[in-house]
Undergrad: 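One structure follows; several queries about it will come next.
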Amino acid sequence: MNTNDTLIPLLGIVTDIRQDTPDVKTFRVVAPEGGKVFEHMPGQCAMLSIPGVGEAMFSITSSPTNTEFMEFSIKKCGCLTNWLHQMDVGQMITIRGPYGNAFPVETELKGKNLLFVAGGIGLAPLRSVINYVRDNRSNYGNVRIVYGSRSKNDLVDYQEIIDEWMKDEGIEVNLTIDNPQEGWDGHVGFVPDYVKELNPSTDSTVLVCGPPVMIKFTLAGLKELGFEETQVYTTMELRMKCGVGKCGRCNIGDKYVCKDGPVFRYDELSELPDEY
Amino acid sequence: MLRKITAAKLDQLFEAISGKQTLYIPTDREDGAAEFRKYESGMKLSNALNTVRSAKDFFFPQTENLVAFKMEGKKIEVKDIRKECEDFVIFGVRACDARSFDILDKVYLVDPVDSFYKNRRDHGTVVTMACTRPAETCFCTAFGINPTMPGGDVTAFPVGDGFFFMANTEKGEKFLADIDDLLEDGDLSRLADVQENTRNILKKLPLANLSTDSFGGDKLNELFNSDKWAGLSESCIGCGTCTFVCPTCQCYDIKDFNTGDGIVRFRCWDSCMYSDFTQMAHGNPRVSQLERFRQRFMHKLVYIPANNNGEFGCVGCGRCLQKCPISMNIVKVMKALEVK
Amino acid sequence: MQVNNNNEFQPLIVAFCCNWCSYAGADLSGTNRLNYPTNVKIIRVPCSCRVNPMFILRAFQRGADGVILCGCHPGDCHYTSGNYFTRRRMTLLFSMLDFLGIERDRTRVEWVSAAEGAKFAATMNEFTEAVRKLGPNRRLEDLRCRKQ
Amino acid sequence: MQEAMIKRAKELLADGTVDRVMGWKKGEFSYDHTPAVFTSAQELDENFVCDDFTSANLSKYLVKETVRDGKILAFLKPCDTYSFNQLVKEYRIDREKVYVIGIPGGPKLDIEKIRAKGITGILNIRNENYTLKIETIYGVSEMPFYEAIGVKCESCKSKKHVVYDELIGEDGEVLDSNRFDMVEKLENMTSQERYDFWRSELSKCIRCNACRTVCPACTCEKCVFENPDSGIENKAAADSFEENMFHIIRAFHVAGRCTDCGECSRVCPENIPLHLLNRKFIKDINSLYGTYQAGENTTDKAPLNEYKMDDCEASIVHERGAE
């Protein structure tokens, strides 16, 4: 049998591990022969696995414009992720993908002002888009990033935010944390409230990712500010096994998150039953 | 072209087929139920309407190895363990099960093609069997299936003193050509009589008038939000019987097994009725049996039609009607949700 | 299952040994230079009662040809009564295995104290011999785990 | 019988003794009744049924039902009362929240046994003097009532209700059943014969988990076979070993707690005689540790939760006669 099958994975080597927050690490993955294992678009996902431990879907956090490697920001929360957090540089993992659709960076988002709203580990899928936009800066309008987390230590990619994003022109970064903390002189408060406070202009397209509660309240806030559902994109996650819409578990109504998603425009999502 | 084999020559036919490739036929077990078994000399074709397990096993087996891994320190080696499947024949597949292959095809043969399924599908020849004695639990006609004229590569029609054969595909023509010396010409008018007789019985079935008008992809939210689900699902015990005997249930799980010498990754049937089906590290979107129960029927009656031009995901074989431990089934669900 | 140089069958024996008695008994048989087969793989458990039926089945799955469970003599349990429960459980389990047609002589419970090094060695020799006679475990093995 | 039950249920609903009724609801055909909760007199009149096909054991549903507020009326057959008692004993059912009406037991029928006779297209089934008149679309068929009895009722252990608040009909006696006959028959076979018997039965298993899920003794919040941390979580028997393992462990986990209600065999879609595994444990317990009937009362200690100094050694199994 010469045909490839998507269920038979490829190999990747972890070349760098960065501790982002107490429970989030970012892993850099390259193919054994060097370079990226496969190409992807911002928002797409990949199935990572350690054979015998488990397999799970993670969003690719590096931008497609990065030609050398892929990155995954992973929060420690289950069997596989615990294992990944314990491994050392040089470990091989299996990887298959890319799966799902992507944020429409080359179509609907082109030429638009962009507002990114992220909470906690929800920055991971958006980071791919943000860096893609930074690398193709002339294709997009103003960029504003609202990012919040429980505490300063829980802000993923804090160093990159400060060192790179904040220094870029035409990018406004607004950070917030849930509770006051020593050594933090920025904004304190929940993300949805902060978005309302900032009162962004309604001519921008919004990309939201974070805990379901945050998404829900952010959307309500955006509506109050006059945003339409068609202006908002989000990315979903449910239990997945195959990644290609065959194993039958990640559906919301008739849509499979792994195949028809994970990126949904909010008006598409609100037509689907409330089961996520 | 209609060909015929006399009942007396049936054993010869089975011998001839099984001499060249593996042949599976439905045969009676001691407990009175029928199941597909590999043909061995002397085995008798069952008269039962349907087997306990559906024929989907042949293309989508309950467990199947996908890939093997060898682990050494930080290194992983991926071994492609796929082998070309050998040719085989399934004889005596009913119209409902034959249709279920079309539904499975729509999942497994769409891009990206599932090579494991395709491998089996390419090498299998399906000989269907027209129904002459449908049971009270049959309702395939509700889904537009004609049990007097089932699909497959070859169709067999029982006609008293033997069987008529009709090839439907190239594979089927070849199948009939290979056994041509055992066959004689069939009489088309007799076939029409047999079919007419069955059609009259079909009209008398208690579920003959089951309607699918209230279902389909366009009724997603009203059906999903129906207040009937709570009552329907209250007695569901959450076992997987309905999903495992169902010819169209196609969900699977992927698991790893450590053989002590390496890892084998295999897939096995999974059931949306199980609580861990959608369990994630941080929670479960289907918290109670109500959501899981609803998923199964919504999938068959709404989600599949939504993605396949209105074609339903049920074939009306009646297995879940016969096997559910508490006798809750798709017919009761359809009747309860029906908009009169 | 193993095969030695002469192509003879060497049964793989898994011995679950209670930390407080049989494990020390095995130790003693070693310091006394008593021989017992190298095919016996000892797994130390805090009490014979720790061994649930799954452990026994798992051992067979992973290639054991015989499984023996060693604990303190009745009345001598470090935790007062653990081995009494073991006794009931294992009696029922072995009876069930026998009922399913799995050779009953592949399983055994023996009480071996810390002072009984000689008994430990003798038991292991005898049990290994008994299992050798039965041949490789075929009725309760997992084919996926069979060594190629 | 059915009328008396409906009448009494309506009375108890009306006077506020209970606010729900656990019973069986009529199905599409004359044999496919579903356990259901009724809340009104109208529902009872329309759908409540109790006949030869209401064999489902309602006890396990009461675990879920007694977590809710209010009191529920449950109609329990003699065998169901044993399961009920066992669940009360294990603190899984709140006895105070259930009003138990004991109803006469079976024998209940199994539609599969009728189908096994080749009878199909069944429209109606009537019992006339213990001959079943089965009306089908292919004409009327007949068969003796006793040949259609479900496997769980074939060797009834007791017609006595071990717990009830009131009875409809008369109470029966514990029966001197022949329920261990088949176990004994297997015991007398050779090891190879037993192995072949169980291989042919257990290889039919499709791991639907119906036997486990329906079992009134299986009430763990998380079953070992579903728990990824247990190391034995599996969804399908990928090897004959796993078939054996699942059924040994399933039976072992309920050993000493299984009341022999027979639900496991009733629900098995492949007709595997699973109750024989449970009965083997019951028979062994009876002969080795003294007669014990789970669910008979709520006080006796379970045989695997106690011990005697002079219990037999495990070697008793090896010393048995015939191989």
Undergrad: Look up atom CZ in B:Arg53 and atom CZ in B:Phe58, then write down how far apart they are to the nearest 0.5 Å.
TA: 9.5 Å
Undergrad: As an exercise: rank B:Glu35, B:Glu64, B:Arg133 by heavy-atom pairs under 4.5 Å with chain D and give me the winner.
TA: B:Arg133
Undergrad: Is chain D contacted by the side chain of B:Asn47, its backbone, both, or neither, given a heavy-atom distance below 4.5 Å?
TA: neither
Undergrad: Between B:Arg319 and B:Asp97, is there a salt bridge with N-O shorter than 4.0 Å?
TA: yes
Undergrad: Against chain B, work out which of D:Glu270, D:Arg207, D:Glu226 has the most heavy-atom pairs shorter than 4.5 Å and name it.
TA: D:Glu270
Undergrad: Under 4.5 Å from any heavy atom of chain D, what part of B:Gln279 do you find: side chain, backbone, both or neither?
TA: neither
Undergrad: Taking every heavy-atom pair that is under 4.5 Å apart, which of B:Asn65, B:Leu49, B:Asp28, B:Thr137 has the most such pairs with chain D?
TA: B:Thr137
Undergrad: Which atoms of B:Lys255 come close to chain D, meaning under 4.5 Å heavy atom to heavy atom: side chain ones, backbone ones, both, or neither?
TA: side chain
Undergrad: Could you check which of D:Arg212, D:Lys117, D:Lys64, D:His33 has the highest count of heavy-atom pairs closer than 4.5 Å to chain B?
TA: D:His33
Undergrad: Do D:Phe48 and D:Phe38 have their ring centres less than 6.0 Å from each other?
TA: yes
Undergrad: On the six-membered ring of B:Phe293, is B:Arg286 placed so that its NZ or CZ lies under 6.0 angstrom from the centre and within 45° of the ring axis?
TA: no
Undergrad: I'd like to know if D:Lys108 and D:Asp51 make a salt bridge, using a cut-off of under 4.0 Å between side-chain N and carboxylate O.
TA: no
Undergrad: Need one label for B:Thr241: side chain, backbone, both or neither, based on atoms under 4.5 Å from any heavy atom in chain D.
TA: both
Undergrad: Among the options B:Lys204, B:Met273, B:Glu30, B:Lys332, pick out the one with the most heavy-atom pairs lying under 4.5 Å from chain D.
TA: B:Lys332
Undergrad: Side chain from CB out, backbone as N, CA, C, O: work out which of these in B:Thr243 comes under 4.5 Å of a heavy atom of chain D, or both, or neither.
TA: neither
Undergrad: Can a donor-acceptor pair be found between the side chains of B:Gln195 and B:Thr198 at a distance below 3.5 Å?
TA: no
Undergrad: Under the 6.0 Å and 45° cation-pi test, does B:Arg120 pair with B:Phe59?
TA: no
Undergrad: Check each atom of B:Ser235 against the heavy atoms of chain D and say whether the ones under 4.5 Å are side chain, backbone, both or neither.
TA: both
Undergrad: When you check the side-chain N and O atoms of B:Thr259 and B:Asp261, is any donor under 3.5 Å from an acceptor?
TA: no
Undergrad: Please flag which part of B:Asp31 lies under 4.5 Å from any non-hydrogen atom of chain D: side chain, backbone, both or neither.
TA: both
Undergrad: Return the option, out of B:Val264, B:Asp270, B:Leu205, with the maximum number of heavy-atom pairs under 4.5 Å with chain D.
TA: B:Asp270
Undergrad: Between D:Leu123, D:Val37, D:Ile111, D:Val214, who has the most heavy-atom pairs with chain B when the cutoff is under 4.5 Å?
TA: D:Val37
Undergrad: If you tally heavy-atom pairs under 4.5 Å against chain B, which of D:Lys60, D:Lys222, D:Lys25, D:Lys204 wins?
TA: D:Lys204
Undergrad: Heavy-atom cut-off 4.5 Å, strictly under: side chain, backbone, both or neither for B:Leu207 against chain D?
TA: side chain
Undergrad: Anything under 30° is parallel, anything over 60° is perpendicular, the rest tilted; go ahead and classify B:Phe244 against B:Tyr274.
TA: perpendicular
Undergrad: Return the CG to SG distance between B:Leu210 and B:Cys138, rounded to the nearest 0.5 Å.
TA: 12.5 Å
